[in-house]
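Reviewing the structure listed below.
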Amino acid sequence: DYFWRHRWRQQRLIISRRGDSKPMELHFTGTGAAYYPRLGSNAAFFVKNNHLFMIDCGESTFRKMEARDEIRTCDKITVFITHLHADHIGSLGSFASYCLSVLQKRITVIAQDDTVVEILKLMGVPADMYDFTTDYTQTFEDGLHVEAVPVKHASDMKCCGLLICDEEETTYFSADASELPNNILQEFKQGKIQTIYHDCTFLTKESPSHCSLKRLCEYFLPEIRSRVYCMHFGGDFENQIKAAGFQTVTSV
């Protein structure tokens with residue numbers, strides 16, 4: 001598999017360096033869970049070689065992105081969809097339509113199945129207004145590789161996290177997930193994954209759909225928690241997250 005061969009090759013390059021390069025940083029337009037809308041819909045983006053990559057487009061995402069320069073200055077826009085809950089695709093239709101109608105930019109939507117195409121059609125956004133593919137695992141022209149990682153979240157739909165590998169490092173983005181896949185955890189402990197962004201909706205509550213700070217503490221020893229960024233908050237417990245040694249994401 002080309003993707004995995006590339007990851008191992010890049011990992012050898014990383015090991016051979018001094019290790020002082022800055023980790024790839026995701027920027028968040030919202031950090032809240034569906035039932036904690038005051039923090040905005042949890043969604044992230046990054047730019048690589050004038051290509052804007054977005055992760056999800058929830059109910060508040062279009063409003064935040066419309067105010068940013070990236071959607072105007074970047075030549076290409078790709079939106080990765082992790083699953084179809086409203087707080088992750090709620091403004092995707094408006095965003096796709098705006099980009100084409102106002103900015104004359106045709107975005108690419110990547111999702112696990114074509115259900116999102118039917119949803120956008122019902123929103124009044126036909127398939128000819130954007131490009132669509134189910135292929136997450138591809139090599140972009142700027143050397144970026146992305147893979148969908150199945151996660152445990154909802155029993156009635158496909159849900160995935162994202163493994164993002166660029167020329168410098170590998171980052172894992174959990175999306176909404178109650179558990180961390182063991183292979184991802186082991187690669188993180190071995191240094192093959194440098195940074196994790198993970199669902200931390202609850203403080204201690206056990207849930208089949210979302211992760212808690214208590215569970216994250218069971219996954220990660222204190223000495224490696226500084227490379228884990230908590231997101232998708234269901235309440236105000238940032239102080240407890242930082243006290244446990246984890247990082248927190250904030251909205252731009």
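These figures come from a predicted structure and were not determined experimentally.
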message: Using the rule given for side-chain contact (heavy atoms from CB on, under 4.5 Å), can you reason through Ile193 versus Leu163, listing the C-alpha separation, both sets of side-chain angles and the distance that settles it, and then say yes or no?
response: CA-CA 9 Å; Ile193 296 174; Leu163 200 58; 3.7 Å; yes
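- Put simply, the side chain of Leu162 does not reach to within 4.5 Å of the side chain of Val149, judged on heavy atoms.
- A donor-acceptor pair shorter than 3.5 Å cannot be found between the side chains of Asp199 and Ser174.
- For the residue pair Ser91 and Phe62, the shortest heavy atom distance occurs at OG-N, 3.0 Å.
- The shortest distance between side-chain heavy atoms of Lys121 and Pro126 does not fall below 4.5 Å.
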field: Residues Thr108, Ile77; criterion side-chain contact (heavy atoms from CB on, under 4.5 Å); working and verdict
entry: CA-CA 6 Å; Thr108 297; Ile77 301 175; over 6 Å; no
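- Residues His145 and Thr137 bring no donor and acceptor atom of their side chains to less than 3.5 Å of each other.
- Heavy atoms only, all atoms of each residue included: Phe46 and Leu26 are closest at CD2-CD2, 3.4 Å.
- Taking the six-membered ring where the residue is Trp, the centroids of Phe140 and Phe53 are separated by under 6.0 Å.
- Summarising the local packing, CG of Asp75 is surrounded by more than 12 heavy atoms from other residues, nucleotides or ligands at distances under 6.0 Å.
- Residues Ser209 and Asp176 are not in side-chain contact: their nearest non-hydrogen atoms beyond the backbone lie 4.5 Å or more apart.
- The aromatic ring centres of His198 and His232 sit 6.0 Å or more apart.
- Taking 4.5 Å as the limit, some side-chain heavy atom of Lys189 sits within range of a side-chain heavy atom of Leu185.
- No single ILVMFWY cluster, assembled from side-chain heavy atoms under 4.5 Å apart, contains both Tyr130 and Phe80.
- Under the 4.5 Å side-chain criterion, counting only non-hydrogen atoms from C-beta, His85 is in contact with Met157.
- Between Phe233 and Phe237, the ring planes are perpendicular. Angles over 60° get that label, and only those under 30° would be called parallel.
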message: Please determine whether side-chain contact (heavy atoms from CB on, under 4.5 Å) holds for the pair Lys64 and Val252, giving the CA-CA distance in whole Å, both sets of side-chain angles, and the decisive distance to 0.1 Å.
response: CA-CA 9 Å; Lys64 294 295 291 287; Val252 293; 5.5 Å; no
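- For the ring pair (Phe, Tyr, Trp, His ring centres under 6.0 Å) with Phe188, the qualifying choice from Phe220, Tyr219, Tyr172, Tyr197 is Phe220, the only one to do so.
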- request: Tell me, with the steps shown, if Thr78 and His51 meet side-chain contact (heavy atoms from CB on, under 4.5 Å).
  value: CA-CA 8 Å; Thr78 296; His51 189 153; 2.8 Å; yes
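- Ionic pairing of Arg72 and Glu66 is present here: one or more N-O contacts between side-chain nitrogen and carboxylate oxygen are shorter than 4.0 angstrom.
- Nearest heavy atoms, Ala96 versus Val125: CB-CG1, 4.4 Å.
- Considering every non-hydrogen atom in both Ser41 and Ser60, the closest pair reads N-OG, 2.8 Å.
- No donor-acceptor contact under 3.5 angstrom links the side chains of Asp135 and Thr133, judged on distance only.
- Looking only at side-chain heavy atoms (C-beta outward), Leu144 and Ile164 come within less than 4.5 Å of each other.
- Between Glu238 and Lys242, at least one side-chain N (NZ, or NE/NH1/NH2) sits under 4.0 Å from a carboxylate O, which counts as a salt bridge.
- Nearest heavy-atom pair, Ile71 versus Met65, reported as atom, atom and distance to 0.1 Å: CD1-O, 3.3 Å.
- Counting only heavy atoms from C-beta outward, the side chains of Thr201 and Tyr36 never approach each other to under 4.5 Å.
- The two residues Ala127 and Arg106 come nearest to each other via the heavy atoms O-NH2, 4.0 Å.
- At a threshold of 4.5 Å between non-hydrogen side-chain atoms, the residues Gln247 and Arg225 do not count as touching.
- The distance from atom SG of Cys211 to atom CD of Glu218, rounded to the nearest 0.5 Å, is 9.0 Å.
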